[in-house]
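Each ligand, and each atom within it, is numbered from 1 in the order the structure gives. Throughout, residue positions are numbered sequentially from 1 according to the sequence presented. As the structure is a computational prediction, the values presented were derived from the model and not from experiment. Below, each value reflects all heavy atoms present in this structure, side chains not excepted, and no hydrogens, waters or symmetry copies.
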Amino acid sequence: MTGNKKVREKLTVIKVGGKIVEEEATLCKLLDDFAAIDGYKVLVHGGGRSATKLAAQLGIESKMVNGRRITDAETLKVVTMVYGGLVNKNIVAGLQARGVNALGLTGADMNVIRSVKRPVKEVDYGFVGDVKQVDGAFLGELIHKGVVPVMAPLTHDGNGNMLNTNADTIAGETAKALAEQFDVTLVYCFEKKGVLRDENDDDSVIPQITPDEFRQYVADGVIQGGMIPKLENSFEAINAGVSEVVITLASAINATGGTRIKK
Ligand SMILES: Nc1ncnc2c1ncn2[C@@H]1O[C@H](COP(=O)(O)OP(=O)(O)O)[C@@H](O)[C@H]1O
Ligand SMILES: CC(=O)N[C@@H](CCC(=O)OP(=O)(O)O)C(=O)O
């Protein structure tokens with residue numbers, strides 16, 4: 001019955017990380033490029049570096065384990081202010097100035113992303129949320145009305161608690177939820193040209209990567225740190241109905257380079 005299969009409309013989910021959003025020049029360029037993307041789109045932002053800076057100014061030490069922030073009660077206040085406030089609203093205002101009808105959302109707003117506090121195993125991450133449910137139907141309604149959701153890396157547990165959730169995970173889970181309705185391309189953009197064979201050589205981009213190659217690169221120490229959760233989220237998304245996942249340079253989101261994720 002492939003002849004009757006409904007053709008899904010295209011949608012682009014862009015995730016932008018902390019190094020790009022904390023600098024005005026790189027953020028402006030990203031927002032210009034994002035505004036120029038045709039069709040339906042969603043922007044997911046991080047802001048880890050800005051949170052670390054504000055925490056330091058307040059005398060709060062930042063601790064990361066496996067690319068995730070250990071989030072105690074004081075740190076949760078900082079990340080809620082930084083991600084749900086400063087970073088999200090600056091991006092929304094910047095997009096409005098570019099004629100994009102952006103709506104800033106944390107997971108608590110309209111119950112868009114529900115999570116549960118990560119159980120304590122070897123590491124106690126504190127107030128970090130593992131995503132349970134993304135309301136793709138509601139996001140789809142907004143998107144069809146011409147709204148462009150701008151998602152902060154914050155979720156809630158339904159009992160009144162905000163939880164800190166990695167922005168790469170928010171992007172992957174949002175892309176997966178929207179893939180039920182749309183033909184989704186997920187683009188992780190950051191300050192390098194893609195996944196590199198040699199982190200110090202910007203021209204060593206790995207053009208495509210499979211799960212087996214990923215495991216080998218991790219074993220060899222080629223892929224490490226924040227790139228590991230980014231790739232794990234990428235494989236999960238491509239295996240859950242997202243059509244295309246690309247990891248690329250923030251100033252080249254409309255170009256064809258970067259690293260493509262293979263099943
Ligand atoms: N093989 C690799 N290629 C590119 N970046 C890598 C690689 N291995 C580790 N990294 C690191 O991963 C980082 C990106 O992850 P992260 O800091 O979480 O970014 P973001 O804040 O954009 O999500 C890069 O800044 C780089 O230092
Ligand atoms: C639980 C957890 O680690 N949350 C992340 C959320 C922000 C984020 O992911 O920002 P980047 O995309 O800029 O790294 C953190 O607080 O750093």
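Ligand 2 places these atoms under 4.0 Å from at least one heavy atom of G46: 8 (C), 10 (O), 11 (P), 12 (O), 13 (O). The G17 neighbourhood of ligand 2 comprises atoms 12 (O), 13 (O), with distances under 4.0 Å to a heavy atom of that residue.
Proximity of T165 to ligand 2, defined as any heavy-atom pair under 4.0 Å, is confined to the backbone N, CA, C and O atoms. Looking at N164 against ligand 2, both its backbone and its side chain come within 4.0 Å, counting heavy atoms.
The shortest heavy-atom distance from G47 to ligand 2 is under 4.0 Å. Under a 4.0 angstrom heavy-atom cut-off, Y83 registers as being in contact with ligand 2. Under a 4.0 Å heavy-atom criterion, K15 is in contact with ligand 2.
Taking any N or O of A167, backbone or side chain, at least one lies under 3.5 Å from an N or O belonging to ligand 2. The shortest N or O to N or O distance between D168 and ligand 2 is not under 3.5 Å. Ligand 2 has an N or O atom lying under 3.5 Å from an N or O atom of G48, backbone or side chain. Considering backbone and side-chain N/O atoms, P153 never comes within less than 3.5 Å of an N/O atom of ligand 2.
Looking at Q181, its side chain does come within 3.5 Å of a backbone N or O of G136 through a donor-acceptor pair. A donor-acceptor pair under 3.5 Å is formed between the side chain of N166 and the backbone N or O of D168. A donor-acceptor pair is defined here as one N or O able to donate and one able to accept, closer than 3.5 Å; no such pair exists between the side chain of T155 and the backbone of I113.
Between A51 and Y83, the shortest heavy-atom contact is CB-OH, 3.4 Å. The two residues G46 and A167 make their nearest non-hydrogen contact at CA-CB, 3.6 Å. Across all non-hydrogen atoms, the minimal contact from V42 to F34 is O-CE1, 3.7 Å.
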Please give the N or O to N or O pairs under 3.5 Å between ligand 1 and the protein, distances rounded to 0.1 Å.
{"residue": "ligand 1", "atom": "1 (N)", "partner": "L196", "partner atom": "O", "Å": "2.8"}
{"residue": "ligand 1", "atom": "1 (N)", "partner": "V222", "partner atom": "O", "Å": "2.9"}
{"residue": "ligand 1", "atom": "3 (N)", "partner": "L196", "partner atom": "N", "Å": "2.9"}
{"residue": "ligand 1", "atom": "8 (N)", "partner": "Q224", "partner atom": "N", "Å": "3.3"}
{"residue": "ligand 1", "atom": "21 (O)", "partner": "G18", "partner atom": "N", "Å": "3.4"}
{"residue": "ligand 1", "atom": "23 (O)", "partner": "K15", "partner atom": "NZ", "Å": "2.8"}
{"residue": "ligand 1", "atom": "23 (O)", "partner": "K230", "partner atom": "NZ", "Å": "2.6"}
{"residue": "ligand 1", "atom": "25 (O)", "partner": "E191", "partner atom": "OE2", "Å": "2.5"}
{"residue": "ligand 1", "atom": "27 (O)", "partner": "E199", "partner atom": "OE1", "Å": "3.0"}

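More than 12 non-hydrogen atoms from other residues, nucleotides or ligands lie less than 6.0 angstrom from CD of E191.
Closest to atom 17 (O) of ligand 2, if we only count protein heavy atoms, is R69 NH2, 3.1 Å. Atom 13 (O) of ligand 2 has as its closest protein heavy atom G18 N, 2.7 Å.
Electrostatic pairing of K262 and E213 does not count as a salt bridge here, judged by no charged N lying under 4.0 Å from a carboxylate O. Look at D212 and R215 and you find a salt bridge, because one of the NZ, NE, NH1 or NH2 atoms lies within 4.0 Å of a carboxylate O, short of that distance. A salt bridge links D130 and R118; the closest N-O separation between the charged side-chain nitrogens and carboxylate oxygens is under 4.0 Å.
F182 and Y40 have perpendicular rings, their planes meeting at more than 60° on a 0 to 90° scale where under 30° would count as parallel.
R68 forms no cation-pi arrangement with Y125, by the criterion of a distance under 6.0 Å to the ring centre and an angle within 45° of the ring axis.
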